[in-house]
Asks: 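The structure is given below, and queries will be raised subsequently.
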Amino acid sequence: MIEQILRVIVSAIAALSLIVLVPLAPLPPSLQLLSFKAVLVSLAFVHAHIAGKMAFPTVDWHEDFKPVHVMRISLYVVFVYCYSLGG
């Protein structure tokens, strides 16, 4: 459990710090967009990780390549892509 929290803590801290710090400092529109997209991608990573743990079986990345590997990789790609389009 602690291992899973440590895996996503960096993305969660990055997302929360950007959510808190960006409104405090006026930024040019291009940096606002960049920071907004960074928040979305960080939250998408956390959401994909949680959804993958809840919905799919545990993946052993050291064994031969199987369809479950493709399923887990596509989950991360789709979540990040969909989140980054939002906004």
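Quick note: residue numbers are just sequence positions, from 1.
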Asks: Show me the donor-acceptor pairs, under 3.5 Å and distance only, between side chains in residues 46-59 and residues at least two apart or in other chains.
Replies:
{"unit_1": "His47", "atom_1": "ND1", "unit_2": "Tyr83", "atom_2": "OH", "d": "2.6"}
{"unit_1": "His49", "atom_1": "ND1", "unit_2": "Tyr76", "atom_2": "OH", "d": "2.9"}
{"unit_1": "His49", "atom_1": "NE2", "unit_2": "Gln4", "atom_2": "OE1", "d": "2.9"}

Asks: Decide whether Ile73 and Val41 are clustered together by the hydrophobic rule: side chain heavy atoms of Ile, Leu, Val, Met, Phe, Trp, Tyr closer than 4.5 Å, transitively.
Replies: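 Ile73 and Val41: separate clusters.
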Asks: Using the test side-chain contact (heavy atoms from CB on, under 4.5 Å), find all partners of Asp60 that sit at least two apart in sequence or belong to another chain.
Replies: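 Testing Asp60 for side-chain contact (heavy atoms from CB on, under 4.5 Å), a comparison that skips the adjacent residues, returns His62, Glu63.
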Asks: In the hydrophobic clustering (ILVMFWY, side-chain contacts below 4.5 Å, transitive), which residues join Val78, or is it alone?
Replies: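 Val78 clusters with nothing; isolated.
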Asks: Could you tell me the separation between the NZ atom of Lys66 and the CH2 atom of Trp61, rounded to the nearest 0.5 Å?
Replies: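 Reported value, rounded in 0.5 Å steps: 12.5 Å.
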Asks: Among residues at least two apart in sequence or on other chains, which ones pass side-chain contact (heavy atoms from CB on, under 4.5 Å) with Pro28?
Replies: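 Per chain and number, Pro28 pairs via side-chain contact (heavy atoms from CB on, under 4.5 Å) with Ser30, Leu31.
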Asks: Say you draw a straight line from OG of Ser74 to CZ of Phe79; how long is it, rounded to the nearest 0.5 Å?
Replies: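 Between Ser74 OG and Phe79 CZ, I get 10.0 Å after rounding to 0.5 Å.
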Asks: Hey, could you give me the CZ/OG distance between Phe36 and Ser84, rounded to the nearest 0.5 Å?
Replies: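 Going from CZ on Phe36 over to OG on Ser84, the span is 10.5 Å.
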Asks: Using the rule that two of Ile, Leu, Val, Met, Phe, Trp, Tyr join whenever any of their side-chain heavy atoms come within less than 4.5 Å, decide whether Val70 and Val80 are in one cluster.
Replies: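 In one cluster with Val70: Val80, no.
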